[in-house]
Structure formats: structure tokens, C-alpha cells
2 protein chains.
Amino acid sequence: MPGILEEADKHCAKTGVRLTPLRRRVLELVARADVPVKAYDLLSQIDHTRTNAKPPTVYRALDFLIDAGLVHRVEALNAFVACPQAGHGHAAVLYVCENCTKVTEVQGTRPGQENKPDGFEVRRSVVEHYGICLSCLKNDTSKT
Amino acid sequence: MPGILEEADKHCAKTGVRLTPLRRRVLELVARADVPVKAYDLLSQIDHTRTNAKPPTVYRALDFLIDAGLVHRVEALNAFVACPQAGHGHAAVLYVCENCTKVTEVQGTRPGQENKPDGFEVRRSVVEHYGICLSCLKNDTSKT
DNA sequence: GTCTGGATGTAATAATGTAACGCTACGATG
DNA sequence: CATCGTAGCGTTACATTATTACATCCAGAC
Ligand SMILES: [Zn+2]
Ligand SMILES: [Zn+2]
Ligand SMILES: [Zn+2]
Ligand SMILES: [Zn+2]
């Protein structure tokens, strides 16, 4: 795989938005973790000798990355994951393992709108499935 | 309709859990509002001459009500809505209007599990669609 | 009565998120 | 070049949301 950062560079160049060093650094931190990351964890990981990051710093960067479609917010965890597909503005379908906390983002799927009320115009969807991933089910030592 | 509180009484009697006055009061407050309610709003609405409610009070009551399937948490709003169907433990599909903030819970639908990863065992699903309801679309005066 | 577990009270604090304002750097415009 | 406007970030202060830990109360079991 080509690396999320390089993909992000390309994506931002194409869409004409600026992936500044700070934003790129935050994306790097989110992408490096293979589990959802908390905003304040990001804050503490930013190099404080180079920037003087405060909460607004990281929240602004995250807002940018989310708008750019590079990061998704995991609503039920107050946490963030990097999007493996740099698809602008797509709605994510996430499977979150409650044991190992890893997130799998389903590729190329639109969230289903079950029994949508008549005339409702959906702008944004949050779809998060919580459970146990195959790998954790296999390695489960706590079998009753 | 028979009233959410009476339904809740029946439901709790049947499942053998205790809908105490405090919990019932919180459910009443959630049910009375036709929009999602915040925990601290509930806290301020509880009668402080009779109980001495603090944050844990309301969060504990909400936890109980959610476990009992009487209330759903709206994850992306940090807010709570009463469930119109007292179905224990069902996963809710919610349509939230970003204009009037009203929530429509789709009845009798299981959230779709789009392209579920192999072997993933789903325990709980969060499905929230944000947009504009029909009524707000009709009354829209901000037509460009 | 005494014991016990669930429910609630209480204090303190953690964790998460935002508002408001100012400064700086940079590109556009004339 | 001058100046203007704006995006990005710094900075302070604060607001909102949620939890931990421990004490107390109280109904039902024995
Ligand atoms: Zn994605
Ligand atoms: Zn797992
Ligand atoms: Zn429901
Ligand atoms: Zn509406």
C-alpha cells in the first residue's frame, strides 16, 4: 500500500485544500495507531518543542481532516480513525471490536437507510457496529 | 397510545427490574420532551426539594433505562430519547432533523450490517441519520 | 432483629469540547 | 512596493459531559 500520508497529499492537492505540517502531523498520528485515538492523546503526542498545541489546535486539525474525508470520528467512542480510502465526504460504516478496539471500515458501501421517513433528506450518517472481531473470537481464552 | 410510562411499568414488571421513582421520573422527563435531552438538562429538571440529584444520579438512571430498552442514547449529540417501543435491547435506527432536532425512531427494523467483516459478531449497533425532516423542508423560508 | 445487596447521596475530579480574540504570513490587487 | 484580506495558528479562558470512590439508606431474606 502507498501509505496514507502520500494518498492524503495527493487528495489535498487535487481538491485544493492545504494539508499543512500540523494537520499532516495529526493525520500521521491518527493513521499510525491502528485503533481509534482520542483528541487529548493526540494533543499529548504532538511535539511541544515545535508547536504550542492546545485543545483548539488538535480539534481544528481534526475538523479539517474530517471535512477532507481523511479521518472519521467514532461517535460512540469520542475518538478518531484514519480513513483507508481518501474518499471525500463519504459516510463510513465502521465495525469496532470491543475487545481489541480495532476498527474495520467497510469499503465502498453506502449506509443503508432502513425505512427512511417520508421526505427525510439525509445529509450525514453515523453507522457503527460494536462487537467482537473474528481474531478475538478465535483467541478467546475466556471460554465458559 | 397508552403512554410511555405505563408501558414502561408493564415492561419492567415483566422483566423483573425495578423502575424506581427516580428512574421513572427521569424517564418521564425524557419522554415528555419530543427532542433529545441532555443529561445535565435532566439534572436541572429533577425536583431538588425531594431528591438531591447530582450527575451520577442522572447518569445511573439513564444507564438503567438504556439497559432496560426504554431510552436510547443519541451518540452524536450526547443526548437521550425515549424509545416508543419498549423493546428490550433492540438496536435503534434514528433519523435526526438538524433543523428542528426532532428524532424519528424507525420501528421494527434491524440495522443493516453492510459488508460485515467475516466472523465479526455484532453486539450493539449505532445508526443515526442526520438531515432535514419533511416538515422542515416544507416550511423552509430560507429558499435561495 | 440482623444481614445483605441494590439504590441513592455526596464530593471531587477527569475527560471532552468550544468561544473569542489576536497575531502572523502570504497571496492578490492596484 | 503598499495594503488588504484571509487562512492558519496561538492563547486564554471556560463550558459541557462523564466518572471514580466512598458513604449511606432501605427493603426484603433469614
Ligand atoms: Zn472512510
Ligand atoms: Zn478484536
Ligand atoms: Zn427503540
Ligand atoms: Zn425538522
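We name chains A, B, ... by the order of the sequence lines, and we start the count at 1 in each one.
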Undergrad: Is any NZ, NE, NH1 or NH2 atom of the basic residue among B:Glu7 and B:Arg24 found under 4.0 Å from an Asp or Glu carboxylate oxygen of the other?
TA: no
Undergrad: Can you tell me the distance, in whole Å, between the OH atom of B:Tyr59 and the P atom of C:dA14?
TA: 17 Å
Undergrad: Quick check on the hydrophobic clustering: are B:Val126 and A:Leu77 connected, directly or via other members, by side-chain heavy-atom contacts under 4.5 Å?
TA: yes
Undergrad: Contact list please: residues 35-48 of chain B against DNA chain D, heavy atoms, distance less than 4.0 Å, in numerical order.
TA: B:Lys38, B:Tyr40
Undergrad: Quick one: do B:Arg25 and B:Asp47 make a salt bridge, cutoff under 4.0 Å?
TA: no
Undergrad: If you pin B:Ala61 and B:Pro56 to their nearest nucleotides in DNA chain C, which one's is more 5'?
TA: B:Ala61
Undergrad: Atom CD of A:Glu75 and atom P of C:dT16: how far apart are they, to the nearest Å?
TA: 14 Å
Undergrad: Distance only, no hydrogens: is a donor on one side chain within 3.5 Å (strictly under) of an acceptor on the other, for A:Gln85 and A:Glu105?
TA: yes
Undergrad: Shortest non-hydrogen contact from B:Cys133 to B:Cys97?
TA: N-SG, 3.4 Å
Undergrad: Can you figure out which of C:dT8, D:dT12, C:dA11 approaches the side chain of B:Lys54 most closely?
TA: C:dA11
Undergrad: Check for me whether A:Arg123 meets the cation-pi criterion with B:Tyr130, that is, NZ or CZ under 6.0 Å from the six-membered ring centre and within 45 degrees of the ring axis.
TA: no
Undergrad: On the nucleotide D:dC9, are OP1 or OP2 found under 4.0 Å from the side-chain N or O atoms that A:Asn52 carries?
TA: no
Undergrad: For a quick test of reading the model, state the closest non-hydrogen atom pair linking B:Asp41 to B:Ser44 and the distance between them.
TA: O-OG, 2.9 Å
Undergrad: Give the rounded distance in Å between these two atoms: CG of A:Leu22 and P of C:dA25.
TA: 16 Å
Undergrad: What is the distance, to the nearest angstrom, from the CG atom on B:Leu19 to the C1' atom on C:dA7?
TA: 13 Å
Undergrad: Can you measure B:Asp63 atom CG to D:dT19 atom P for me and round it to whole angstrom units?
TA: 7 Å
Undergrad: Between A:Arg32 and A:Glu28, is there a salt bridge with N-O shorter than 4.0 Å?
TA: yes
Undergrad: Can you tell me how far C1' of C:dA15 sits from CG of A:Leu77, to the nearest Å?
TA: 14 Å
Undergrad: Starting from C1' on D:dA7, measure out to CG on A:Asp67 and report it in whole angstrom.
TA: 14 Å
Undergrad: Of the listed nucleotides (C:dG17, D:dC9, C:dA7), which one gets closest to any side-chain atom of B:Arg23?
TA: C:dA7
Undergrad: For a quick check of understanding: with a heavy-atom distance under 4.0 Å over all strands, which category does B:Arg24 fall into, base, sugar-phosphate or nothing?
TA: nothing
Undergrad: Check this one for me: any side-chain N or O of A:Thr20 less than 4.0 Å away from OP1 or OP2 of D:dC9?
TA: yes
Undergrad: A:Arg73 near the nucleic acid: base, sugar-phosphate alone, or nothing, with a heavy-atom cut-off under 4.0 Å?
TA: sugar-phosphate
Undergrad: Under 3.5 Å, which protein N or O atoms sit close to an N or O of nucleotides 25-30 of chain D? Give each pair with its distance.
TA:
none

Undergrad: Does C:dT18 have OP1 or OP2 under 4.0 Å away from a side-chain N or O of A:Arg60?
TA: no
Undergrad: Mapping B:Asn78 and A:Thr57 onto DNA chain D by nearest heavy atom, which one lands closer to the 5' end?
TA: A:Thr57
Undergrad: Within the structure provided, determine whether B:Cys12 and B:Leu70 are in side-chain contact (heavy-atom separation under 4.5 Å).
TA: yes
Undergrad: Whole-Å distance between D:dG8 C1' and A:Phe64 CZ?
TA: 11 Å
Undergrad: If the threshold is 4.0 Å, N to carboxylate O, is there a salt bridge linking A:Lys116 and A:Glu114?
TA: no
